[in-house]
Structure formats: C-alpha cells, structure tokens
Protein chains: 2
Amino acid sequence: MAKVDTSLVAHLPLFAGVTPEALDEILREARSARYPRNSAIFEQGADAQSFFLLLHGHVRAAKTTPTGEQIVVRYVAPGETFGLAMAIGAVQYPATAIAVDDSVVLIWPTSAWPRLVERFPSLAANTLQTVGTRLQESHTRILEMSTQQVEQRVAHALLRLAKQSGRKLDHGIEIDFPISRQDIAQMTGTTLHTVSRILSGWESQGLVESGRQRIILREPHRIVVLAERSADSGAA
Amino acid sequence: MAKVDTSLVAHLPLFAGVTPEALDEILREARSARYPRNSAIFEQGADAQSFFLLLHGHVRAAKTTPTGEQIVVRYVAPGETFGLAMAIGAVQYPATAIAVDDSVVLIWPTSAWPRLVERFPSLAANTLQTVGTRLQESHTRILEMSTQQVEQRVAHALLRLAKQSGRKLDHGIEIDFPISRQDIAQMTGTTLHTVSRILSGWESQGLVESGRQRIILREPHRIVVLAERSADSGAA
DNA sequence: TCTGGTGTTTGCGTTAGCGCAAAACGGAAC
DNA sequence: GTTCCGTTTTGCGCTAACGCAAACACCAGA
C-alpha cells in the first residue's frame, strides 16, 4: 500500500480542523490509484463501494437519463472529493465519473465512513459544508437555465471552468483539460451544434480561440459582459 | 417561551439517533413562531440569524436574479428544515422564504448550531443526509430541464407536489396549499402562460381540475404517462 | 351590490434554438 | 505519407415556446 504524503492534502477543506495525527490515521484507510484518460472511475447505478479524493487530473461527473441523454453534473478539480454517495445515504452512485485526463485519486471504502465520522466529527461538518456549497451552485445553475439564454449560459460555464481549472497564458486563459463542444452543451442544457455556432461567433470576434477539445479565453472581460447582459444588443 | 412537545418532532429524520433527553435539550434552544399566509420568513441576502423547522403549513423558498426574475427552489413541507445557511457556511440567506399558508415554525439562532453539533454529532450527519438528498433532487431537476420539454416537466412537478403535499380525495389528489400558474412556471423554467395552456389542455381531457391557486389531479396515472413519454404521440 | 385587484385564459405573431444532414477538419496509428 | 475516426463546422427548415395584449373569472372588501 503506497504511503500518501500528508502535507499534500493537509490544507484541503475536507481536513480543516483535523490534527496531523488524525490525518495520518485517516489516510491509512485510503489507497491511491491512477486512472488513465477517458477511463471510468465508477458508473451510475453501481454499488457505491468507495468514495474519492482527486489528487491530480480532472474528472467529469455525468448523469444519464433512461433514454440515454447525458448532462455533466460537474467537473472535479484536484483537491475535491467525489463519489460521496454514502453521505446522502445512497447505496448506488447517482452519476458516472470519468477521468478526462490522466488522474490520481485517493480511495476510501464506503464502509470506513461511519467510523471515520465518529472518530473525527469535523469530517462530517466539513463535508456538510462542501455538499451545501454544491447545492447552492446547483440552484444557481437552475436559475440560469430558467432565466438566461443559451449564449449567456455558455459564457458563464466557460468563465467558471476558467476560474476552476484555467491555466493563465500571456494573453488569455486556457482551460487545462480536454473538453468538447458536446461537454459544454451538456453543462448548459443545449446542443453541441448551438455551442459550436456560439464559439465560432466568438472566435470571429477574437473573444476566444479554440480547437479540438481545447478552448482559450482571449478576452475574459468581454465574455463577462456577454454573461451578464439581459437580452439586448446584437453585433455591430 | 412556549414549550414544544418533543413527541411531535422526535420521529423526524433530523433527530434520528438523538435520545429523548438530548432532544429536550435541543428544543430548549428553540422558540416557535407563527407566520400568516403570504408573509416573509426571511429575505434573500439578509443575515442568516436563524435556521428553521417547519411544524405546520407550507413554505416556498425562492431565488431572485439581479434583474428580478424568480425561480422556486422548493416547497417546504411540515417536518422539513429550511434556512440552513450556516450549514454551508453562508452568512446570508441565498433565497427568500415565504409562508404560502398559515405556518408554524421552530426557530434556532444560527449561533447555536456549532454548539449543538458538537454536543450531538448525529445532527450534522442527519443534516448532511438531508442536504445530500436535496442536492440529488437538484441534479434531477437540472437533468429534466436539459432533456425534457415543458409539458413533461410540469407533469413531473405536479406529481412531486402531489406526493409531497397531496391530500387524497375520493377521486384524485389535491395539492393542499395555494399554488398559482406562476409558481409552477417558476418551478419548471417556463412562463405562466405556457403552464396555463397546458393545464387547460389537461382539464379538457379530464386529467386535472383546477382553479384559482388550486389544482386537483384527477388522473394521476395518466399524468405519469405524460411525464415519462419521450417526445411523440399527440392527442387522439 | 358594486368595485378593485389578482389570478387565469386565450389569440396571435415572432424567434431562439433544435434537429437533420453533409462536409470539412485534425490527430493518432500504422 | 496515408488512412481512419471522432470532432467540429455550417446550412436549412421547423416548431415549441415565448412575449405581448386583451378579455375574463373570482374573491374580498366597501
């Protein structure tokens, strides 16, 4: 069993208020694993045998309808937990998790959760905080889907990705994992066609530069304007 | 300060695993209050000084955009908690809570939460469960908004309301609090006009019976069918 | 009984965005 | 260098749903 370096994870919100010794004990229950790009970490509907902490890479959590349509629930960035089915009392994973880049994760058996929480109550409090924040974000997303049009939603989605997982360039911000038009469509509740049209438009205005699974925001400030306008002026 | 009867709330999920004595202690920290129909319990953006447990009545939690549009986050049924801003570490309420019917609530000062959690860790675990469930429901709603058309979403919304707050009739189920077309529109991401058209259509098919802020599902089973069909057959 | 206000219904023109289809593009593997 | 496959782009017709506007129903209070 590989030893995990506590100093790498000690500062994470999940472990706030946990002593170094306790952290050590918690980490002893975990194992680490590597998932190559495009591999599944767990599938929606499978027994929730583990929960995860992402160390490196990026993970997409997606939910599928009975008829096969998908939406992206969120992108997991390093330092975040995912697969917390046990926290909500679910027996199965409510979504599928795919590594969109080569990724390294810590894995705890779900069965260890009750014991850990009992010994280290701040874990529960911290997790509550995390889940609460996600709930808020979720509500914000619903609000946007209800009140904004597609272009604004795409703008918001890209800005969020840039903030969460953006790599600063000389001029602009690049989203530092592979992401397709289809992915963005599934984040914003539209189709890949519409996303493609929007990005083409932005590209011709010099707002973004994009290619195959790759997006660079060249003019973040002007994209913010797009995200916030209510429903008016077109192009000059 | 009015004494709250422990037997009324002991069975609630929030208090699972809490001993009667502990429950007594927890309730001593709370006061109760009555809110008349259509009164505000708290406003979005206000300091989160309290959190709440609904004893009687019904409460609508709604979120407003900077430009004034609203969505209904959820309807709170008796036995449920709301206003849990502290759980997610928020300083202000992220939504507005309105009593849609004369309502009675228990109120704890937000400042009491850390102490309560420390003394009774199962409160945190139970709340985590609740928030987790809401997060799931939220994701389901996003999925529906992304993949289904308006009529199906309205069908789902009404079925959920019927399940959560339905009063069984000889023939059908009545939603037992006042709810307008506008409210349903704000739950499903559409306009009151579209909701009105849909309900008119259903009414002429005998699926529902409705009036001013009042809806009765006469044929729940046939509404389930509407909610589940993917995108095909019209009326005969 | 009348009157005002809030919620509801309905008609009608408009359109944002979908759905289908076809072509172009770009990487990776050989 | 060539081939192959997944992604992206773009055109075109269509329609679900919106937005506006006007009429209507219902309840409460004077």
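Proteins come first, then strands; the chains are lettered A, B, ... in the order of their sequence lines, and each starts at number 1.
Rounded to whole Å, the distance from CE on B/Met145 to P on C/dC18 is 13 Å. Rounded to whole Å, atom P of D/dA17 lies 7 Å from atom CD1 of B/Ile198. Between A/Trp202 atom CH2 and D/dT9 atom P the separation is 13 Å, expressed in whole Å. Rounded to whole Å, atom C1' of C/dG26 lies 11 Å from atom CZ of A/Arg214. B/Ile215 has its CD1 atom 12 Å from the C1' atom of C/dT8, to the nearest Å. Counting to the nearest Å, the P atom of D/dT8 and the CD1 atom of A/Ile184 are 8 Å from each other. Rounded to an integer number of Å, the gap from CD of B/Gln213 to P of C/dT6 is 12 Å.
Note: B/Phe52 and B/Tyr93 have tilted aromatic rings, judged against thresholds of 30 and 60 degrees for the angle between ring planes.
Judged by distance alone, the side chains of B/Glu151 and B/Trp202 do bring a donor and an acceptor atom under 3.5 Å apart. With no hydrogens or angles considered, no side-chain donor-acceptor pair links A/Thr188 and A/Thr190 at under 3.5 Å. With hydrogens and angles left out, the side-chain atoms of B/Gln182 and B/Ser180 include no donor and acceptor closer than 3.5 Å.
Between C/dG7 and B/Ser180, no contact under 4.0 Å exists linking OP1 or OP2 to a side-chain N or O. A/Thr190 has a side-chain polar atom (N or O) that falls below the 4.0 Å cut-off from OP1 or OP2 of C/dC18.
If A/Gln148 and A/Arg212 are placed on DNA chain C by their nearest nucleotide, the residue sitting closer to the 5' end is A/Gln148.
Here the rule is side-chain hydrogen bond (donor to acceptor under 3.5 Å, both in side chains) with B/Asp102, and of B/Arg34, B/His58, B/Arg37, B/His56 only B/Arg34 fits it.
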Give each protein N/O atom lying under 3.5 Å from an N/O atom of nucleotides 9-16 of chain C, with the pair distance.
unit_1	atom_1	unit_2	atom_2	d
C/dT9	OP1	B/Arg181	NH2	3.4
C/dT9	OP2	B/Arg181	NE	2.8
C/dT9	OP2	B/Ser196	OG	2.8
C/dT9	O5'	B/Ser196	OG	3.4
C/dT10	OP2	B/Ser200	OG	3.0
C/dT10	O4	B/His193	ND1	3.0
C/dG11	N7	B/Arg197	NH1	3.2
C/dG11	O6	B/Arg197	NH2	3.2

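With respect to the salt-bridge test (charged N to carboxylate O, under 4.0 angstrom), the residues B/Glu80 and B/Arg74 qualify.
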